[in-house]
Amino acid sequence: MRWNKVKIMPFQDLREFIGKLEEEKQVVRIAEEVDWNLEVGAITRLCDEAGLPAPFFQKIKGYTDAYRILGEPLSNHKRVAIAMDMEPNSSVKSLIEEYGKRKRMPVKPTRRHDGPCKEYIRKGKEVDLLEFPVPFVHEGDGGRFIGTWHLTICKDVNSGWVNWGMYRHMLHDKNTIGLQAGPPTHVRRILQGWIDKGKPMEIAIVLGAEPVCTMCAAAPIPYGVSEVDIAGGIRGRSVELIKCETVDLEVPATAEIVIEGEVALHEMREEGPFGEYTGYMGGHREQRPVIHVNAVTYRNHPIFTMMNEGMPVTGTHATQSVTRSAECVEMLRALGIPATAAYEHTHGCTLLIVVAIRAGQARADDVAHAIWGSRLGVSTPYVIVVEDDVDPFDLEQVLHAIASKCHPYRGIVRLDRARGHALFPWLSRYEQQHLLGARVYFDCTWPSDWAPEDIPRKCSFESIYPSDVQQKALDVWQRHGFKKD
Ligand SMILES: Cc1cc2nc3c(=O)[nH]c(=O)nc-3n(C[C@H](O)[C@H](O)[C@H](O)COP(=O)(O)O)c2cc1C
Ligand SMILES: [Mn+2]
């Protein structure tokens with residue numbers, strides 16, 4: 001199979017990736033003029049709702065055709081597979097396995113002194129973010145959003161470790177933007193370190209990096225582990241970095257747009273809400289940190305990237321379902337828990353994960369608590385644990401396991417007073433503000449104290465008939481023109 005080939009051919013930049021998407025009919029150039037105010041949003045939302053190619057807008061109202069927008073770059077598993085140089089029709093299971101395999105071989109970045117992201121440099125008073133066609137995405141958003149599909153880069157002020165993440169950025173005006181990032185995120189912890197030292201935090205926001213970098217920025221990688229090295233591993237080649245102009249940070253050299261700035265020390269501004277990854281408007285309008293922009297650098301004819309979150313939630317979760325499922329299996333196995341597979345279904349919108357474990361060799365409570373104790377688990381309050389006769393990717397099998405193996409009282413274990421998240425839709429406003437959440441796991445494993453003969457035997461073709469009888473049945477059906485796949 002093509003994706004088992006040893007050599008990966010990574011994309012050097014977003015433009016090469018768009019070229020490949022064009023070959024695979026996964027992008028459509030939209031030549032007619034569209035308005036950044038809601039029209040770009042409506043077209044991108046329909047793209048996710050109807051499973052359409054990524055819209056590549058060539059002409060935005062009020063802007064020359066030098067400024068373009070690419071919507072939904074990685075909003076289905078086909079485009080994720082293409083980004084990873086895999087067969088476009090690869091199953092999500094194989095994407096997860098391949099991501100897991102490649103991330104075990106991280107590759108350190110290399111440095112460049114010159115790169116396309118420096119074709120235009122605007123500093124100080126020359127900075128005008130309204131130069132870019134920043135979209136007003138959903139009716140009801142708190143403003144135009146400049147950061148919806150990007151990398152946010154900052155550095156731990158004490159250790160020098162560099163973090164890549166993705167946190168929404170609302171545009172306030174021509175040189176200030178917002179930051180919305182809850183306590184589980186690394187930027188939040190790093191920002192606290194700078195505040196404790198009394199220094200404004202340096203930050204860089206990158207739009208239109210080569211696609212794997214952006215995917216890895218949003219992956220739940222532990223504190224202290226470098227997302228840039230993981231991105232190098234997934235690409236099979238180092239990421240090329242270049243120094244920023246005004247902050248002591250480095251960014252991918254082939255990026256389309258780089259925004260450099262500082263998070264003001266004692267200044268907050270109203271930010272939000274925004275149509276969110278849960279499929280609802282989220283993040284009430286509240287006082288949130290402010291970034292003062294010192295410089296913007298960009299390529300000739302820059303391509304602004306964006307992701308329209310909403311319901312159905314397939315867009316954002318095309319990448320999240322891959323990276324988070326792979327991270328979960330790796331984390332459980334590192335703890336000695338024999339997880340055979342895990343899948344964070346796209347419509348669980350990162351709140352729900354299904355984990356399969358070897359029957360009789362692990363306990364559901366260990367699985368749930370390991371997940372909740374990890375970087376991944378803070379945003380995943382629903383855990384469903386099945387045994388390895390159930391395929392966690394198959395929702396019908398998972399539903400059957402819940403109905404047939406999970407005791408309605410003892411099998412559903414609830415935890416009150418667990419950490420919540422400001423964007424969990426089922427929390428009250430007060431609970432969202434104070435991060436007062438709850439968690440639950442569904443134990444769909446047979447109780448360990450049941451005698452083997454008391455465990456109900458599954459009554460399926462493969463489990464109930466001897467192999468010679470199975471073969472006979474297959475032969476009979478085949479002679480009648482039917483095949484079991
Ligand atoms: C499209 C998209 C938008 C996101 N927006 C936010 C956000 O606004 N705030 C936030 O805290 N996390 C957001 N996330 C999730 C974080 O990127 C994710 O938790 C990531 O692990 C953060 O990186 P970190 O672990 O290095 O902090 C978003 C993810 C995606 C894919
Ligand atoms: Mn991180």
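Just the heavy atoms: all of them, side chains too, but no hydrogens, waters or symmetry mates, feed the values below. Note that the structure is a prediction, hence the values are computed from the model and not measured. Ligands are counted one by one from 1 in listed order, and the atoms in each one are counted from 1 as well.
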Would you say the ring centers of F274 and H138 fall short of 6.0 Å from each other?
yes

Y67 and F132 aromatic ring geometry - parallel, tilted or perpendicular at 30°/60° bounds
perpendicular

Where do I337 and D366 come nearest, in terms of heavy atoms and distance?
CD1-O, 3.8 Å

Do E202 side-chain atoms and D248 backbone N/O form a donor-acceptor pair below 3.5 Å?
yes

For the rings on H169 and H150, is their centre-to-centre separation under 6.0 Å?
yes

Mind listing the protein N/O/S atoms less than 2.8 Å away from the Mn ion (ligand 2)? Waters don't count.
N163 OD1, H186 ND1, E227 OE2

Chain-and-number sorted residues having a heavy-atom contact under 4.0 Å with ligand 1 are T148, W149, N163, W164, G165, M166, Y167, R168, Q180, A181, G182, T185, H186, A217, A218, A219, P220, E227, E309, T316, Q320, R375

Taken in chain and number order and not counting sequence neighbours, the residues that satisfy ring-ring contact (aromatic ring centres under 6.0 Å, His included) with Y167 are none

Which pairs pass ring-ring contact (aromatic ring centres under 6.0 Å, His included) with one or both residues in residues 193-241, sequence neighbours excluded?
W161-Y223, H186-Y223

Which atom pair, heavy atoms only, marks the closest approach of A318 to L74?
CB-O, 3.4 Å

Please state whether the rings of H77 and Y343 are parallel, tilted or perpendicular, taking 30° and 60° as the class boundaries.
tilted

